[in-house]
Amino acid sequence: MVTVNHLVQILIILSIFQISFATRRLTELVHDSTNLLQYHNGALLNGDISVNLIWYGYFKPSQKAVITDFISSLSTKSINSQTEPSVSTWWKTTEKYQTKLKKSNSLRLKLGKQVIDSKYSLGKSLTDKNLIQLASKGGSRNAVNIVLTASDVSVDDFCSSRCGSHGSSSGPTSAKITKGKNYKFAYIWVGNSETQCPGQCAWPFHQPIYGPQAAPLVAPNNDVGVDGMVINLASLLAGTATNPFGNGYYQGDASAPLEAASACPGVYAKGAYPGYAGDLLVDSTTGASYNAHGTNGRKYLLPALYDPSTSTCSTLV
């Protein structure tokens, strides 16, 4: 029998892709999404933003391609090349936060530079300070720097309370016109959980540790760890766009906030409930479950986003 405690535990697991400076506490789980996210008068990401990738540890070329195709799929320029429902349509929900503030300068993401650190320059056990060190290798102005750690890299609190995080830091830019001024940049970290905790960070492509034990879904890119990374990266990107510096849109404690995606934990399609991701699309050939098409024929599973125009969790299917 599934007890209330079990349901609470599964909600914690489903929402474990924690964001922004600290982990979420049990008391911060919110089920009523009406009028949920409040604006705290800070800046949102807008204009042309480069998404820079810092690959830490060993990743196969095929794994890198899954991530880079996802980033490329976010651009509205690619919307005409994607079958609906699409990644770019999913991302357009974040634009509604800008619209709500009557900002005309919308956010435009583009894939920026990639930094390869396949020799584990900081070792295989990282702290939050190490993550910022790695993130600083990307651009420091008009950038989101994403640190992606390989499956054999451990990070403080990885698996025990989070699958990734986002925050901000300052870094100098070498451009002469800035006169050495520091610019605050947003950064994200996501880990590959395939060998460490797929039951926490790669659900629903792996059975969860707690709660109902339904059969795991087939990953759309045939890689449980990387497809799980896409889910967590998507959630954190949405949080970064709408709450990049800790004073944008969120609800609850600023050190462990509910944001655009984490306000809708475990929801991927209509009909979702704890332990069930929802009524997803299924590839007739591979049997893989997904809810979004991307560039280069990719399929992805993306989390529901809180829609500020309807005060509901919005899904693509």
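Here CG of D227 is found 11.0 Å from CZ of F70. Values are rounded to the nearest 0.5 Å. Rounding to the nearest 0.5 Å gives a distance of 11.5 Å between CG of L301 and OH of Y290. Once rounded to the nearest 0.5 Å, the distance linking CG of L280 with OG of S289 reads 5.5 Å. If you take CZ on R108 and CG on L74, they are separated by 14.5 Å, rounding to the nearest 0.5 Å. Distance check: C201 SG to M229 CE gives 10.5 Å after rounding to the nearest 0.5 Å. How far NZ of K92 is from OG of S106: 8.0 Å, rounded to the nearest 0.5 Å.
If you chain together hydrophobic residues whose side chains sit under 4.5 Å apart, L36 and L101 fall into the same group. Following chains of ILVMFWY side-chain contacts shorter than 4.5 Å, one cannot reach V155 starting from I231, and the two form parts of different hydrophobic clusters. In the hydrophobic cluster analysis, where Ile, Leu, Val, Met, Phe, Trp and Tyr join through side-chain heavy atoms closer than 4.5 angstrom, V66 is grouped together with I116. Criterion: ILVMFWY side-chain heavy atoms under 4.5 Å apart, direct or through other members. Under it, I54 and V226 are not part of a common hydrophobic cluster. L111 and L237 fall within a single hydrophobic cluster, where Ile, Leu, Val, Met, Phe, Trp and Tyr side chains are chained together by heavy-atom contacts under 4.5 Å.
Checked by atom type and distance alone, the side chain of N145 never pairs as donor or acceptor with a backbone atom of A143 at under 3.5 Å. Under the 3.5 Å distance criterion, the side-chain polar atoms of E84 are matched with a main-chain donor or acceptor of S86. Checking side-chain atoms of T240 against main-chain N and O of L236 turns up a donor-acceptor pair under 3.5 Å. Of the possible donor and acceptor atoms, one in the side chain of Q98 sits under 3.5 Å from a partner among the backbone N and O of L45. Under the 3.5 Å distance criterion, the side-chain polar atoms of D253 are matched with a main-chain donor or acceptor of S255. Proximity of a side-chain donor or acceptor of T312 to a complementary backbone N or O of S314 within less than 3.5 Å is not detected. Between the side chain of N192 and the backbone N or O of A150, no donor-acceptor pair lies under 3.5 Å. At distances below 3.5 Å, at least one donor-acceptor pair connects side-chain atoms of T195 with backbone N or O atoms of S151.
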Derivation and outcome, side-chain contact (heavy atoms from CB on, under 4.5 Å), residues Q196 and S154: CA-CA 8 Å; Q196 298 185 54; S154 64; 4.2 Å; yes
Apply side-chain contact (heavy atoms from CB on, under 4.5 Å) to residues K64 and L148 and explain how you reach the verdict. CA-CA 10 Å; K64 292 179 180 178; L148 302 156; over 6 Å; no
Applying side-chain contact (heavy atoms from CB on, under 4.5 Å), run through F59 and I67 and close with a yes or a no. CA-CA 11 Å; F59 287 87; I67 301 291; over 6 Å; no
Can you list the steps and then say if L302 with W91 is a side-chain contact (heavy atoms from CB on, under 4.5 Å)? CA-CA 10 Å; L302 305 178; W91 183 248; over 6 Å; no
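W203 has its side chain out of reach of P198: every pair of non-hydrogen atoms, C-beta onward, lies at least 4.5 Å apart. The closest side-chain heavy-atom distance from Y306 to T242 is not below 4.5 Å. The closest side-chain heavy-atom distance from N221 to D69 is not below 4.5 Å. Here the side chains of Q114 and T68 are in contact, with some heavy-atom distance below 4.5 Å. You'll find the side chain of S75 stays beyond 4.5 Å of the side chain of T295, heavy atoms only. Side-chain contact between L281 and P85: present, with at least one pair of heavy atoms (C-beta onward) separated by less than 4.5 Å.
Salt bridge status for D48 with K110: absent, with no side-chain N to carboxylate O gap under 4.0 Å. Between K137 and D117 there is a salt bridge, with a side-chain nitrogen of the basic residue lying less than 4.0 Å from a carboxylate oxygen of the acidic one.
Checked against ring-ring contact (aromatic ring centres under 6.0 Å, His included), H206 has no partners two or more places apart in sequence or in another chain. Y58 is linked by a side chain to side chain donor-acceptor pair (under 3.5 Å) to nothing, counting only residues two or more places apart in sequence or in another chain.
For the residue pair V218 and G287, the shortest heavy atom distance occurs at CB-O, 3.5 Å. The nearest pair of heavy atoms linking G112 to N52 is CA-OD1, 3.4 Å. Y268 and N291 get closest at one heavy-atom pair: O-ND2, 3.0 Å. In this structure, G138 and K113 approach most closely via the heavy-atom pair CA-CE, 3.6 Å. Taking each heavy atom of Y187 and A135 in turn, the nearest pair found is CB-CB, 3.6 Å. Here the closest non-hydrogen pair linking D156 and R162 is O-NH2, 2.7 Å.
The one candidate from L316, T89, T83, V87 that meets the side chain to side chain contact (heavy atoms under 4.5 Å, CB included) condition with H293 is T83. Shown are T94, I71, V51; of these, the side chain to side chain contact (heavy atoms under 4.5 Å, CB included) with L109 is made only by V51.
Between Y39 and Y249, a ring centre-to-centre spacing shorter than 6.0 Å is recorded. For F158 and W189, the gap between ring centers is short of 6.0 Å.
Remark: the N247 side chain and the Y250 side chain contain no N/O donor-acceptor pair separated by less than 3.5 Å. Side-chain contact check for S235 and N232: no donor-acceptor pair (N or O, by modelled atom type) lies under 3.5 Å.
Below 30°, between 30° and 60°, or above 60°: for Y56 and Y120 the angle between ring planes is above 60°, a perpendicular geometry.
Between C197 and C163, a gap of 2.5 Å or greater is found separating the two SG atoms.
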